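Here is the naming used below: chain letters follow the sequence lines, and residue numbers restart at 1 for every chain. Note that the structure is predicted; figures quoted are calculated from it, not measured.
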Amino acid sequence: MTLAALRADVARLEGRAPSWDAQPDPAAWIWGSPALGALERDAVHEFTPSHAGAMPSALSLAWRLLSRLQADATMDRGDAIIWVQSEAMTREVGLPYGPGLAQLGFDPARLLLVRVRDAAQGLWALEEALRARAGAAVVGCGIPVEFTPSRRLSLACAQARTPLLLLDERPAPLSSAASRWQVAPQPGLADLFDPRAPGAPRWQLSASKRRQGMPGTWCVEWNDATHHFDLVADVAVGAQHGSTGAPALSPRYSALAA
Amino acid sequence: MAAQARPRSAPATLPSPPEAPAQPLVLTEAGPRGVRVALANPAAAALGIHAGQRLADARALCPTLASQPIDRAGDAAALARLARWLLRYTPWVALDGADGLLLDCAGCAHLLGGEARLLADIRRRLESHGLTVRLALADTRRAARALARAGDAATVLVPPGRRALVDALQTLPVAALDVPEAMLTLLRRAGLSHIGPLLGLPRAALAKRFRGAEAAQALLRLLDEALGEREHPLDPLEPPPLYEQRALLAEPILERAQIEQALHDLLHQLLPQLSDAELGVRRLAFSMLRVDGGVQTLVLRCGQPSRDPAHLLRLAHDKLEQVAPGFGIDALRLMATEVAPLPPLQLSSLAAPDPALALSRLVDTLSNRLGEAAVRALVPVASHIPERAEQLAAQPAASGTGQDQGAPVRGPRPPLLLPTPEPAEVMAEVPDGPPVQLRWRRQRLRLALSTGADRIGAEWWRSPDDPAPSSRDYYAAETEDGRRLWLLRDGHYGDPAHPPRWYVHGVGG
């Protein structure tokens with residue numbers, strides 16, 4: 001048996017694409033930006049805010065990512081999102097608010113909110129939600145997941161072919177998640193038509209682990225018109241809002257100019 | 001048929017050890033005129049001590065008399081517990097006064113091999129709990145009640161038929177029928193102290209004999225009820241469920257697996273009945289009756305009516321952890337206490353996975369364990385006050401079509417709304433617009449970009465007495481480090497009555 005065949009076997013056993021530069025799974029869930037690649041639909045993905053107070057920003061990113069998933073949910077799985085949130089997180093960031101979610105492009109009518117008291121209840125609820133195969137995705141918000149439960153949840157994800165997003169401020173040192181991201185809010189540009197109003201939101205994403213694609217750091221911006229995450233070029237990141245009198249260009253045009 | 005078990009004199013909570021010597025014992029009650037005897041045991045009664053006597057007088061009759069205060073609330077609770085436990089025999093159980101229970105056992109006796117064996121079984125079980133029991137079983141409730149309370153024997157079984165009933169009632173005092181005191185005096189003066197002679201009199205003569213048509217009618221009604229010529233419905237402890245299955249087990253069970261197996265069997269008996277009626281379960285109650293007289297009931301709720309035994313068993317599985325079988329469970333009842341129409345499913349529709357059904361089952365599973373309030377959907381409400389524009393409701397039945405879409409939203413809204421607006425300390429104010437710098441949750445925030453004000457007026461129709469309901473101004477802002485906040489200003493600059501106060505009401509964006 002050749003080395004390539006052995007590598008392919010190992011990759012299959014580990015449940016990842018055969019090689020780093022292979023084409024992503026066509027059924028995968030993509031960010032909308034070619035550089036960011038895809039997220040597996042049958043795995044756990046961890047998102048950690050970069051510092052205390054960045055959780056709302058990380059959640060806003062997650063909702064936009066989920067709205068992309070809702071848009072192309074297949075009929076056999078429905079488009080419901082099962083959102084499991086701990087009481088501690090509710091005290092800190094409040095509860096999801098429908099009118100605001102609708103403005104992000106996420107359909108609040110398809111959100112099932114499950115409030116849990118502690119980690120044990122949260123892990124149970126997450127596993128039940130995955131095994132029920134009832135929604136497009138399951139989200140755990142503020143539920144600490146150690147290595148063994150994360151392995152268990154990964155297996156449940158693979159069986160149900162449903163993605164699980166975990167958002168917690170204190171991630172465990174080890175995890176069996178398919179990808180681990182750190183999310184930091186970034187100052188965005190002003191609105192194109194109102195130089196004093198906030199425009200499209202920006203985040204800095206750092207992947208410390210990915211099964212598909214390379215780890216790295218990117219600065220992304222949400223594009224409300226196309227419902228994609230756009231990569232922000234370095235020049236545009238440096239451009240600070242409102243420092244000059246002229247209205248700042250939209251980041252796509254900035255990227256072109258660079 | 002009605003049977004009556006009457007625990008006499010001894011409160012049900014106080015089992016008297018059978019081997020104890022019969023010491024005179026009274027239960028006492030403090031009243032306005034001192035402590036009086038409420039109940040006396042047979043040994044005390046033999047000495048001439050009776051209820052209503054002053055404790056001091058009773059002590060004079062018997063210096064070694066033991067006494068305990070009576071606990072009427074505890075007795076009532078114990079009697080109600082006993083009544084629930086007796087649901088093992090029949091779904092129709094009612095309380096009768098402070099010391100009696102009525103059971104309608106029509107159609108139930110054959111399950112235990114006849115009426116005599118039913119009474120023997122009741123007696124054996126209640127006596128094993130240390131209760132003194134008087135039982136009577138007769139065609140009518142009032143007759144059974146009179147026989148249990150005033151009959152000679154501790155167990156009376158009246159065979160069916162009017163003749164047997166009349167024979168059994170002949171020798172009972174009239175007072176056993178609950179005749180009012182005034183009427184009783186009149187009857188006694190007429191020499192009618194027993195039911196037998198009363199039955200012999202013509203009705204018309206009886207009605208004429210007593211002044212006041214109402215009193216005579218009341219007496220005739222009692223007699224009619226005793227003889228079954230007039231309906232005397234039972235007021236049951238709990239309304240008997242429409243769909244019920246019960247199992248009396250030969251051996252008490254202790255293991256969770258055994259309970260689950262028994263539930264499995266009962267479900268497979270109950271669900272075909274529902275399937276014939278095209279009904280599904282919304283609420284299922286599973287009662288476990290213990291050997292020691294305890295009752296434990298599990299309640300399972302379904303968001304959508306269900307007839308799937310696997311789903312219902314799964315819901316029960318999580319709850320069976322809480323069951324404490326004690327010395328064993330020897331009777332089980334499974335009741336569909338709430339049902340809803342559920343048309344039969346076509347087999348083809350079972351083959352394809354149905355996400356809506358899977359979701360409603362998940363809601364059932366989660367809410368049975370976490371509580372119903374923990375599993376909610378976001379439902380829009382037609383109000384422009386942000387915190388009222390949404391409520392957390394039970395999961396809507398279908399996907400959100402055709403429901404209330406809420407009030408139209410004008411300004412930006414945050415994806416996360418804090419439970420209450422949190423005060424923020426303003427460090428650098430700008431007269432017309434949001435502050436440049438503020439302190440919130442012990443953090444200093446510098447705002448870089450903001451939009452507003454989005455002015456939201458108060459809902460004046462809610463508080464018509466308030467002359468000037470305050471409006472709020474909302475600003476959506478981004479801090480220098482990219483975090484987004486939804487700020488609320490209450491009050492206005494230049495208005496001494498309402499100086500502006502700032503709050504953070506939402507985060508994210």
Side-chain angles (χ1 to χ4, degrees), chain A residues 52-57 59-60 63 75-80 82 90-91 93-104 106-117 121 124-125 128-129 131-135 184-188 190-191 194-199 201-203 241-242, chain B residues 352-363 365-367 369-370 373-380 386 389-390 392 395-396 399-401 403 406-407 409 412-419 433 441 443 448-452 476-486 505-509:
Chain A
M55 195 67 195
S57 179
L59 288 172
S60 305
W63 273 311
M75 282 309 288
D76 67 326
R77 197 51 55 81
D79 56 355
I82 297 142
T90 304
R91 279 193 294 277
V93 302
L95 285 173
Y97 181 56
L101 293 177
Q103 287 182 351
L104 299 185
F106 179 92
D107 180 7
R110 306 304 297 142
L111 184 87
L112 180 69
L113 178 65
V114 183
R115 285 182 289 171
V116 295
R117 276 200 307 277
Q121 271 193 352
W124 173 81
E128 286 294 323
R131 297 211 187 284
R133 305 179 184 214
Q186 291 289 310
D191 192 84
D194 180 358
R196 288 167 58 198
R202 282 185 180 179
W203 301 268
H241 38 253
Chain B
D354 179 1
L357 181 68
L359 191 64
S360 87
R361 294 209 164 153
L362 174 66
V363 171
T365 313
L366 294 173
S367 44
R369 171 113 162 214
L370 305 173
V375 186
R376 300 271 94 164
L378 310 179
V379 177
E390 172 181 280
L392 298 177
Q395 176 70 358
S399 61
T401 47
Q403 53 177 303
V409 174
R413 293 285 183 272
L416 288 160
L417 197 70
L418 297 174
R441 288 187 177 176
Q443 278 183 327
L449 296 165
S450 68
T451 176
E478 188 178 292
T479 65
E480 272 187 342
D481 60 350
R483 295 162 60 184
R484 297 196 167 198
L485 302 170
W486 202 44
H505 200 180
V507 288

Report task. Determine whether more than 12 heavy atoms belonging to other residues, nucleotides or ligands lie under 6.0 Å from atom CZ of A:Arg196. Result -> no

Query raised in the report: For B:Thr365 and A:Arg131, what are the C-alpha separation, side-chain angles and deciding distance, and is it a side chain to side chain contact (heavy atoms under 4.5 Å, CB included)?
Result: CA-CA 11 Å; B:Thr365 313; A:Arg131 297 211 187 284; over 6 Å; no

Query raised in the report: Do B:Pro415 and A:Leu59 come close enough that some side-chain heavy atom pair is under 4.5 Å?
Result: no

Query - Nearest heavy atoms of A:Ala80 and B:Leu359, plus distance in Å - result: CB-CD2, 3.9 Å

Query raised in the report: Heavy-atom distance under 4.5 Å to chain B: side chain of A:Ala184, backbone, both or neither?
Result: neither

**Report entry** Any A:Pro201 side-chain heavy atom under 4.5 Å of B:Arg484 side chain
**Finding:** yes

Requested in this report: Select one option (side chain, backbone, both, neither) describing which atoms of A:Leu101 are under 4.5 Å from chain B's heavy atoms.
Outcome: both

Query raised in the report: Which bit of A:Glu128 comes within less than 4.5 Å of chain B, counting heavy atoms only: side chain, backbone, both or neither?
Result: both

Query raised in the report: Heavy atoms, side chains only, cut-off 4.5 Å: are A:Asp191 and B:Thr451 in contact?
Result: no

Query raised in the report: Which pair of non-hydrogen atoms, one from A:Ala125 and one from B:Leu370, has the smallest distance, and what is that distance?
Result: CB-CD1, 4.5 Å

Report task. Report the option among A:Pro108, A:Pro96, A:Ala129, A:Ala132 that has the most heavy-atom pairs separated by less than 4.5 Å from atoms of chain B. Result -> A:Pro96

Report task. Mind ranking B:Pro412, B:Gly482, B:Pro419 by heavy-atom pairs under 4.5 Å with chain A and telling me who comes out on top? Result -> B:Gly482

Report task. Sort out for me which of B:Gly508, B:Ala374, B:Ala358, B:Ser367 touches chain A most, counting heavy-atom pairs under 4.5 Å. Result -> B:Ala374

Requested in this report: Could you tell me whether the side chain of B:Leu366 reaches within less than 4.5 Å of the side chain of A:Trp124, counting heavy atoms only?
Outcome: yes

Query - Contact summary for A:Tyr97 and B:Pro386, nearest pair of heavy atoms - result: OH-O, 2.6 Å

Report task. Heavy-atom pairs under 4.5 Å with chain A are the metric here; pick the option from B:Gly506, B:Gly509, B:Ala476 that has the most. Result -> B:Gly509

Query - Polar side-chain atom of A:Arg115 near backbone of B:Ala373 as donor-acceptor pair, under 3.5 Å - result: yes

**Report entry** Spatial distance of atom OG (A:Ser57) from atom CD (B:Glu478) [nearest 0.5 Å]
**Finding:** 9.0 Å

Query raised in the report: What are the two closest non-hydrogen atoms of B:Leu378 and A:Gly98, and how far apart are they?
Result: CD1-N, 4.1 Å

Query raised in the report: Is there a side-chain contact between B:Glu390 and A:Pro99, using heavy atoms and a 4.5 Å cut-off?
Result: yes

